[in-house]
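Fair warning: this is a prediction, and the values are worked out from it, not measured in the lab.
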Amino acid sequence: AVHDGAAVASDPRFGEVLFETHALRLQFLLDRTAPPQPTDSPTPAATSAADAAATEFRQARSVAAEHLLALGSRDHAAQLANRFHDFATLARLCTPADPGAAP
């Protein structure tokens, strides 16, 4: 069935589903950044793949926060940022838009 995007986005469960989807994807990407086991001799290709995975992870982390914030799921964005150590997003969420405003 084809769904109206606005109707789906207005469903209160959508933020939770989006959060879980991003969390699973980020965990997958993070797992790919793990260094080789001590018994493995790291090859240049393995190191390059881990570096590429780390870059993809950092970009995906930022995109995930943006998706959740655009949906209005600020709490989910903060949870994801905290779980995956996205300090830039955490700082942005904790900084008032107006520097003169009270926290």
Side-chain angles (χ1 to χ4, degrees):
V2 176
H3 296 285
D4 174 26
V8 171
S10 67
D11 185 330
R13 296 169 297 176
F14 186 68
E16 184 66 30
V17 170
L18 187 61
F19 167 78
E20 289 298 328
T21 302
H22 279 303
L24 287 170
R25 179 170 184 252
L26 289 172
Q27 188 60 56
F28 169 77
L29 291 172
L30 184 61
D31 290 347
R32 290 180 42 215
T33 67
Q37 297 298 319
T39 57
D40 299 336
S41 57
T43 64
T47 302
S48 178
D51 289 346
T55 298
E56 186 178 357
F57 168 75
R58 286 189 298 274
Q59 291 170 343
R61 195 173 57 178
S62 178
V63 168
E66 290 303 320
H67 285 168
L68 290 164
L69 289 171
L71 182 64
S73 288
R74 187 178 174 89
D75 289 343
H76 284 119
Q79 288 175 15
L80 206 63
N82 188 48
R83 182 172 171 182
F84 292 102
H85 305 154
D86 183 358
F87 301 116
T89 296
L90 287 171
R92 190 176 64 190
L93 290 171
C94 295
T95 304
D98 178 5

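- Rounding to the nearest 0.5 Å gives a distance of 11.0 Å between CD of E16 and CG of D75.
- Checked for salt-bridge contact, R92 and E66 meet the test: a charged N lies under 4.0 Å from a carboxylate O.
- If you chain together hydrophobic residues whose side chains sit under 4.5 Å apart, F28 and F84 fall into the same group.
- What you find for G15 and S73 is that their closest heavy atoms are CA-OG, 3.7 Å.
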Could you please spell out the steps behind the side-chain contact (heavy atoms from CB on, under 4.5 Å) verdict for L80 and T89?
-> CA-CA 9 Å; L80 206 63; T89 296; over 6 Å; no
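- In this structure, Q59 CD and L29 CG are separated by 10.0 Å, a value rounded to the nearest 0.5 Å.
- To the nearest 0.5 angstrom, E56 atom CD is 10.0 Å from L26 atom CG.
- Separation of atoms NE2 (H22) and NE2 (H67) is listed at 5.0 Å; rounding is to 0.5 Å.
- At least one donor-acceptor pair closer than 3.5 Å links the side chain of T21 to the backbone N or O of V17.
- Listed for the R25 side chain is no donor-acceptor partner under 3.5 Å among the backbone atoms of A60.
- The shortest side-chain heavy-atom distance between L18 and L68 falls under the 4.5 Å cut-off.
- Both L71 and F19 sit in one connected hydrophobic cluster of ILVMFWY residues. Membership requires side-chain heavy atoms under 4.5 Å apart, directly or through other members.
- A donor-acceptor pair shorter than 3.5 Å can be found between the side chains of Q27 and D31.
- A65 and D86 make their closest contact through CB-OD2, 4.4 Å (heavy atoms, listed as atom of the first residue, atom of the second, distance).
- With R61 contributing its side chain and H85 its backbone, the two residues share a donor-acceptor pair below 3.5 Å.
- Between the side chain of T55 and the main chain of D51, a donor-acceptor pair closer than 3.5 Å is present.
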